[in-house]
Asks: 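First the structure, which I've put down as C-alpha coordinates, then a few questions once you've had a look.
Residue numbers begin at 1 in each chain, while the letters A, B, ... track the order of the sequences.
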2 protein chains.
Amino acid sequence: MKRWDPYSAACPTRLLLDRIADKWTVLVLGLLSDGPVRFNQLRRRIEGISQKMLSQTLKSMERDGLVSKKVFPTVPVTVEYALTPLGRTLTKTISELERWAEAHMDEVLKSQKRYDVRSGSKV
Amino acid sequence: MKRWDPYSAACPTRLLLDRIADKWTVLVLGLLSDGPVRFNQLRRRIEGISQKMLSQTLKSMERDGLVSKKVFPTVPVTVEYALTPLGRTLTKTISELERWAEAHMDEVLKSQKRYDVRSGSKV
DNA sequence: CAGTATCCTTTATGATACTG
DNA sequence: CAGTATCATAAAGGATACTG
(Lines give C-alpha, C1' and ligand atoms only; values in the text may rest on other atoms or scores of the structure.)
Protein backbone atom coordinates (compact mmCIF):
# COMPACT_ATOMS: atom_id res chain seq x y z
CA MET A 1 0.00 0.00 0.00
CA LYS A 2 1.42 3.32 -1.06
CA ARG A 3 0.64 6.34 1.09
CA TRP A 4 0.09 9.71 -0.47
CA ASP A 5 0.33 12.95 1.44
CA PRO A 6 -2.37 15.33 0.26
CA TYR A 7 -0.63 18.20 2.00
CA SER A 8 2.31 18.12 -0.33
CA ALA A 9 1.77 20.11 -3.46
CA ALA A 10 2.54 17.47 -6.05
CA CYS A 11 0.36 14.75 -4.56
CA PRO A 12 -1.85 13.03 -7.14
CA THR A 13 -4.50 12.43 -4.52
CA ARG A 14 -4.78 16.14 -4.04
CA LEU A 15 -5.26 16.65 -7.75
CA LEU A 16 -7.83 13.90 -7.81
CA LEU A 17 -9.71 15.36 -4.86
CA ASP A 18 -9.81 18.63 -6.70
CA ARG A 19 -11.24 17.02 -9.74
CA ILE A 20 -13.96 14.98 -8.13
CA ALA A 21 -14.93 17.84 -5.89
CA ASP A 22 -15.55 19.92 -8.96
CA LYS A 23 -18.88 21.66 -9.18
CA TRP A 24 -20.04 20.14 -12.43
CA THR A 25 -18.55 16.72 -11.81
CA VAL A 26 -20.66 16.30 -8.71
CA LEU A 27 -23.80 17.21 -10.57
CA VAL A 28 -23.05 14.97 -13.53
CA LEU A 29 -22.37 12.04 -11.24
CA GLY A 30 -25.70 12.61 -9.57
CA LEU A 31 -27.60 12.54 -12.83
CA LEU A 32 -25.81 9.55 -14.26
CA SER A 33 -26.41 7.51 -11.13
CA ASP A 34 -29.92 6.77 -12.40
CA GLY A 35 -28.69 5.35 -15.68
CA PRO A 36 -27.23 6.46 -19.02
CA VAL A 37 -28.02 9.96 -20.22
CA ARG A 38 -27.38 11.75 -23.48
CA PHE A 39 -25.28 14.83 -23.90
CA ASN A 40 -28.02 17.34 -24.48
CA GLN A 41 -30.19 15.80 -21.83
CA LEU A 42 -27.48 16.47 -19.32
CA ARG A 43 -27.13 19.94 -20.68
CA ARG A 44 -30.79 20.67 -20.21
CA ARG A 45 -31.00 19.22 -16.75
CA ILE A 46 -28.02 21.01 -15.32
CA GLU A 47 -29.14 24.57 -15.24
CA GLY A 48 -26.42 27.03 -16.06
CA ILE A 49 -23.85 24.70 -17.56
CA SER A 50 -22.45 25.70 -20.91
CA GLN A 51 -21.80 23.30 -23.73
CA LYS A 52 -18.13 23.89 -23.30
CA MET A 53 -18.09 23.08 -19.60
CA LEU A 54 -20.21 19.97 -20.02
CA SER A 55 -18.07 18.68 -22.81
CA GLN A 56 -14.94 19.41 -20.85
CA THR A 57 -16.27 17.83 -17.68
CA LEU A 58 -17.38 14.67 -19.42
CA LYS A 59 -14.09 14.36 -21.20
CA SER A 60 -12.04 14.51 -18.05
CA MET A 61 -14.42 12.16 -16.27
CA GLU A 62 -13.99 9.73 -19.10
CA ARG A 63 -10.25 10.11 -18.90
CA ASP A 64 -10.37 9.39 -15.19
CA GLY A 65 -12.41 6.29 -15.86
CA LEU A 66 -15.52 7.52 -14.10
CA VAL A 67 -17.83 7.53 -17.08
CA SER A 68 -18.00 5.66 -20.33
CA LYS A 69 -19.26 6.96 -23.62
CA LYS A 70 -21.26 5.04 -26.16
CA VAL A 71 -21.78 6.36 -29.66
CA PHE A 72 -24.75 5.22 -31.74
CA PRO A 73 -24.25 5.70 -35.49
CA THR A 74 -27.62 7.30 -36.07
CA VAL A 75 -28.09 10.45 -38.09
CA PRO A 76 -27.49 12.70 -36.40
CA VAL A 77 -25.28 10.86 -34.00
CA THR A 78 -26.48 9.82 -30.55
CA VAL A 79 -24.12 9.70 -27.61
CA GLU A 80 -24.86 8.15 -24.27
CA TYR A 81 -22.86 8.64 -21.12
CA ALA A 82 -22.95 6.15 -18.27
CA LEU A 83 -21.13 5.56 -15.03
CA THR A 84 -18.39 2.97 -14.97
CA PRO A 85 -18.14 0.61 -12.00
CA LEU A 86 -15.48 2.94 -10.64
CA GLY A 87 -17.77 5.90 -11.09
CA ARG A 88 -20.47 4.08 -9.23
CA THR A 89 -18.29 3.58 -6.20
CA LEU A 90 -17.73 7.30 -6.14
CA THR A 91 -21.37 8.29 -6.28
CA LYS A 92 -21.94 6.69 -2.93
CA THR A 93 -19.48 9.00 -1.27
CA ILE A 94 -20.62 11.99 -3.23
CA SER A 95 -24.24 11.52 -2.36
CA GLU A 96 -23.30 11.59 1.30
CA LEU A 97 -21.74 14.93 0.67
CA GLU A 98 -24.92 16.09 -0.96
CA ARG A 99 -26.94 14.85 1.94
CA TRP A 100 -24.70 16.74 4.31
CA ALA A 101 -25.18 19.91 2.32
CA GLU A 102 -28.94 19.52 2.32
CA ALA A 103 -29.13 18.62 5.96
CA HIS A 104 -27.02 21.51 7.17
CA MET A 105 -27.99 24.17 4.69
CA ASP A 106 -30.17 26.03 7.14
CA GLU A 107 -27.55 26.03 9.83
CA VAL A 108 -24.95 27.37 7.43
CA LEU A 109 -27.25 30.09 6.14
CA LYS A 110 -27.98 31.16 9.69
CA SER A 111 -24.30 31.29 10.53
CA GLN A 112 -23.63 33.40 7.47
CA LYS A 113 -26.33 35.84 8.46
CA ARG A 114 -24.93 36.19 11.96
CA TYR A 115 -21.46 36.70 10.59
CA ASP A 116 -22.56 39.33 8.11
CA VAL A 117 -24.47 41.28 10.71
CA ARG A 118 -21.50 41.33 13.03
CA SER A 119 -19.08 42.42 10.33
CA GLY A 120 -21.48 44.91 8.84
CA SER A 121 -22.19 46.65 12.12
CA LYS A 122 -18.59 47.76 12.39
CA VAL A 123 -19.23 50.30 9.63
CA MET B 1 -38.30 19.60 5.49
CA LYS B 2 -37.45 21.87 2.63
CA ARG B 3 -36.09 20.25 -0.53
CA TRP B 4 -33.46 21.98 -2.57
CA ASP B 5 -32.75 21.11 -6.18
CA PRO B 6 -29.02 21.25 -6.77
CA TYR B 7 -29.59 21.21 -10.49
CA SER B 8 -31.17 24.64 -10.52
CA ALA B 9 -28.66 27.42 -10.78
CA ALA B 10 -29.66 29.46 -7.75
CA CYS B 11 -29.79 26.58 -5.31
CA PRO B 12 -27.96 27.32 -2.05
CA THR B 13 -27.06 23.67 -1.68
CA ARG B 14 -25.18 23.88 -4.92
CA LEU B 15 -23.26 26.88 -3.70
CA LEU B 16 -22.54 25.11 -0.46
CA LEU B 17 -21.34 21.99 -2.25
CA ASP B 18 -19.03 24.17 -4.23
CA ARG B 19 -17.63 25.71 -1.14
CA ILE B 20 -17.01 22.60 0.89
CA ALA B 21 -15.61 20.80 -2.09
CA ASP B 22 -13.03 23.52 -2.40
CA LYS B 23 -9.42 22.39 -2.62
CA TRP B 24 -8.14 24.31 0.36
CA THR B 25 -11.23 23.83 2.48
CA VAL B 26 -10.83 20.08 2.32
CA LEU B 27 -7.21 20.31 3.41
CA VAL B 28 -7.90 22.73 6.22
CA LEU B 29 -10.68 20.55 7.54
CA GLY B 30 -8.31 17.61 7.55
CA LEU B 31 -5.70 19.44 9.58
CA LEU B 32 -8.12 20.92 12.07
CA SER B 33 -9.71 17.57 12.75
CA ASP B 34 -6.83 16.78 15.11
CA GLY B 35 -7.39 19.88 17.20
CA PRO B 36 -6.86 23.65 17.10
CA VAL B 37 -4.10 24.98 14.88
CA ARG B 38 -2.63 28.43 14.45
CA PHE B 39 -2.63 30.43 11.28
CA ASN B 40 0.99 30.09 10.35
CA GLN B 41 1.06 26.46 11.36
CA LEU B 42 -1.64 25.79 8.82
CA ARG B 43 0.26 27.80 6.31
CA ARG B 44 3.39 25.77 6.78
CA ARG B 45 1.64 22.43 6.71
CA ILE B 46 -0.34 23.04 3.55
CA GLU B 47 2.27 23.13 0.90
CA GLY B 48 1.60 25.66 -1.79
CA ILE B 49 -1.08 27.72 -0.12
CA SER B 50 -0.55 31.45 -0.11
CA GLN B 51 -1.29 33.68 2.84
CA LYS B 52 -4.09 35.24 0.90
CA MET B 53 -5.77 31.96 0.07
CA LEU B 54 -5.49 30.64 3.59
CA SER B 55 -6.87 33.79 5.08
CA GLN B 56 -9.69 33.82 2.56
CA THR B 57 -10.48 30.15 3.09
CA LEU B 58 -10.56 30.44 6.86
CA LYS B 59 -12.74 33.51 6.69
CA SER B 60 -15.39 31.86 4.57
CA MET B 61 -15.24 28.72 6.68
CA GLU B 62 -15.82 30.84 9.74
CA ARG B 63 -18.67 32.58 8.03
CA ASP B 64 -20.21 29.23 7.18
CA GLY B 65 -19.89 28.19 10.80
CA LEU B 66 -17.40 25.41 10.12
CA VAL B 67 -14.52 26.81 12.12
CA SER B 68 -14.19 29.11 15.08
CA LYS B 69 -11.41 31.54 15.74
CA LYS B 70 -9.89 32.34 19.09
CA VAL B 71 -7.62 35.31 19.54
CA PHE B 72 -5.10 35.41 22.39
CA PRO B 73 -3.97 38.94 23.31
CA THR B 74 -0.30 38.09 23.36
CA VAL B 75 2.33 40.22 21.68
CA PRO B 76 2.40 39.53 18.87
CA VAL B 77 -1.11 38.21 18.70
CA THR B 78 -1.85 34.48 18.60
CA VAL B 79 -4.82 33.11 16.70
CA GLU B 80 -6.12 29.61 16.94
CA TYR B 81 -8.56 28.00 14.57
CA ALA B 82 -10.69 25.04 15.55
CA LEU B 83 -13.55 23.07 14.12
CA THR B 84 -17.04 23.84 15.34
CA PRO B 85 -19.42 20.95 16.06
CA LEU B 86 -20.88 21.58 12.62
CA GLY B 87 -17.43 21.44 11.09
CA ARG B 88 -16.79 18.18 12.83
CA THR B 89 -19.84 16.57 11.27
CA LEU B 90 -18.47 17.53 7.90
CA THR B 91 -15.02 16.06 8.38
CA LYS B 92 -16.51 12.61 8.60
CA THR B 93 -17.92 12.88 5.12
CA ILE B 94 -14.85 14.57 3.77
CA SER B 95 -12.48 11.97 5.07
CA GLU B 96 -14.48 9.34 3.24
CA LEU B 97 -13.86 11.31 0.10
CA GLU B 98 -10.16 11.35 0.88
CA ARG B 99 -10.19 7.65 1.48
CA TRP B 100 -11.89 7.14 -1.86
CA ALA B 101 -9.26 9.22 -3.59
CA GLU B 102 -6.45 7.29 -1.96
CA ALA B 103 -8.01 3.93 -2.59
CA HIS B 104 -8.70 4.52 -6.26
CA MET B 105 -5.76 6.68 -7.19
CA ASP B 106 -3.96 3.89 -9.01
CA GLU B 107 -6.99 2.91 -10.98
CA VAL B 108 -7.57 6.49 -12.06
CA LEU B 109 -3.97 6.99 -13.05
CA LYS B 110 -4.09 3.83 -15.14
CA SER B 111 -7.26 4.96 -16.85
CA GLN B 112 -5.68 8.31 -17.65
CA LYS B 113 -2.69 6.62 -19.18
CA ARG B 114 -4.85 4.41 -21.36
CA TYR B 115 -6.90 7.39 -22.46
CA ASP B 116 -3.87 9.47 -23.33
CA VAL B 117 -2.29 6.70 -25.35
CA ARG B 118 -5.45 6.20 -27.36
CA SER B 119 -5.91 9.90 -28.04
CA GLY B 120 -2.25 10.49 -28.74
CA SER B 121 -2.00 7.67 -31.25
CA LYS B 122 -4.44 9.40 -33.56
CA VAL B 123 -1.80 11.97 -34.40
C1' DC C 1 -27.03 15.80 -32.07
C1' DA C 2 -22.77 16.27 -30.17
C1' DG C 3 -19.36 18.29 -30.23
C1' DT C 4 -14.71 21.62 -31.48
C1' DA C 5 -12.44 26.21 -32.22
C1' DT C 6 -12.03 30.89 -31.31
C1' DC C 7 -12.31 35.06 -29.08
C1' DC C 8 -13.17 37.71 -25.23
C1' DT C 9 -14.56 38.73 -20.40
C1' DT C 10 -14.56 37.58 -15.67
C1' DT C 11 -12.67 35.49 -11.73
C1' DA C 12 -9.12 33.45 -9.13
C1' DT C 13 -4.75 33.49 -7.47
C1' DG C 14 0.07 35.00 -6.65
C1' DA C 15 3.60 38.47 -5.24
C1' DT C 16 4.60 42.22 -2.75
C1' DA C 17 4.23 45.66 0.60
C1' DC C 18 2.20 47.30 4.67
C1' DT C 19 -0.26 47.26 9.70
C1' DG C 20 -2.11 46.33 14.62
C1' DC D 1 2.01 36.71 14.32
C1' DA D 2 -1.81 37.25 11.69
C1' DG D 3 -3.53 39.41 8.80
C1' DT D 4 -5.23 43.38 4.85
C1' DA D 5 -4.58 46.10 0.47
C1' DT D 6 -3.02 46.57 -4.04
C1' DC D 7 -1.51 45.33 -8.35
C1' DA D 8 -0.47 42.06 -11.99
C1' DT D 9 -1.26 37.78 -14.31
C1' DA D 10 -3.00 33.38 -15.21
C1' DA D 11 -6.74 30.51 -15.52
C1' DA D 12 -11.67 29.62 -15.94
C1' DG D 13 -15.65 30.32 -18.16
C1' DG D 14 -19.20 32.20 -21.58
C1' DA D 15 -20.85 33.44 -26.36
C1' DT D 16 -20.68 32.54 -30.82
C1' DA D 17 -19.81 30.25 -35.00
C1' DC D 18 -18.71 26.21 -37.28
C1' DT D 19 -18.47 20.73 -38.40
C1' DG D 20 -19.03 15.44 -38.93
Asks: Quick one: A/Gln56 CD to C/dA5 P, roughly how many Å, whole number?
Replies: 12 Å
Asks: Would you mind classifying the nucleic acid contact of A/Lys23 as base, sugar-phosphate or nothing, using non-hydrogen atoms under 4.0 angstrom?
Replies: nothing
Asks: Measure the distance from NZ on A/Lys52 to P on C/dA5 and round it to the nearest whole Å.
Replies: 12 Å
Asks: Is there a side-chain polar atom (N or O) of A/Ser55 under 4.0 Å from OP1 or OP2 of C/dT4?
Replies: yes
Asks: Check B/Ile20 against B/Val26 and note the closest heavy-atom contact, atom names and distance.
Replies: O-CG2, 3.6 Å
Asks: Taking for each residue the nucleotide of DNA chain D bearing the nearest heavy atom, is the 5' side occupied by A/Ser50 or by A/Pro76?
Replies: A/Ser50
Asks: Does A/Tyr81 put a side-chain nitrogen or oxygen below 4.0 Å from OP1 or OP2 of C/dG3?
Replies: yes
Asks: For the pair made of CZ in A/Arg43 and C1' in D/dG13, what is the distance, rounded to whole Å?
Replies: 14 Å
Asks: Please report the distance, rounded to the nearest Å, between CD in A/Gln41 and P in C/dG3.
Replies: 13 Å
Asks: Could you state the atom-to-atom distance from CG of A/Leu54 to P of D/dG14 in whole Å?
Replies: 12 Å
Asks: Do you know the tightest heavy-atom contact between B/Thr84 and B/Val67?
Replies: CG2-C, 3.6 Å
Asks: Figure out the CD/C1' separation between B/Gln51 and D/dC1, and round it to whole Å.
Replies: 9 Å
Asks: What does A/Arg38 touch in the nucleic acid at a heavy-atom separation under 4.0 angstrom: a base, only the sugar-phosphate, or nothing?
Replies: sugar-phosphate
Asks: Is A/Val77 touching bases, backbone alone, or none of the nucleic acid, heavy atoms closer than 4.0 Å?
Replies: base
Asks: B/Phe72 near the nucleic acid: base, sugar-phosphate alone, or nothing, with a heavy-atom cut-off under 4.0 Å?
Replies: nothing
Asks: Consider side-chain contact (heavy atoms from CB on, under 4.5 Å). Of A/Thr57, A/Ile94, A/Leu58, which one does A/Thr25 pass it with?
Replies: A/Thr57
Asks: Should A/Lys59 be listed as having a side-chain N or O under 4.0 Å from OP1 or OP2 of C/dG3?
Replies: no
Asks: What is the base-pairing partner of D/dC1, counting Watson-Crick and G-U wobble geometry with both distances under 3.5 Å?
Replies: C/dG20
Asks: Can you give me the closest heavy-atom contact between A/Arg14 and A/Tyr7, atom names plus distance?
Replies: NH1-O, 3.4 Å
Asks: Round to the nearest Å and state the distance from A/Met53 atom CE to C/dT9 atom P.
Replies: 18 Å
Asks: What's the CG-P distance between B/Asp22 and D/dA12, to the nearest Å?
Replies: 14 Å
Asks: Establish whether A/Leu15 and B/Ile49 are linked, either directly or via other cluster members, by ILVMFWY side-chain heavy-atom contacts under 4.5 Å.
Replies: no
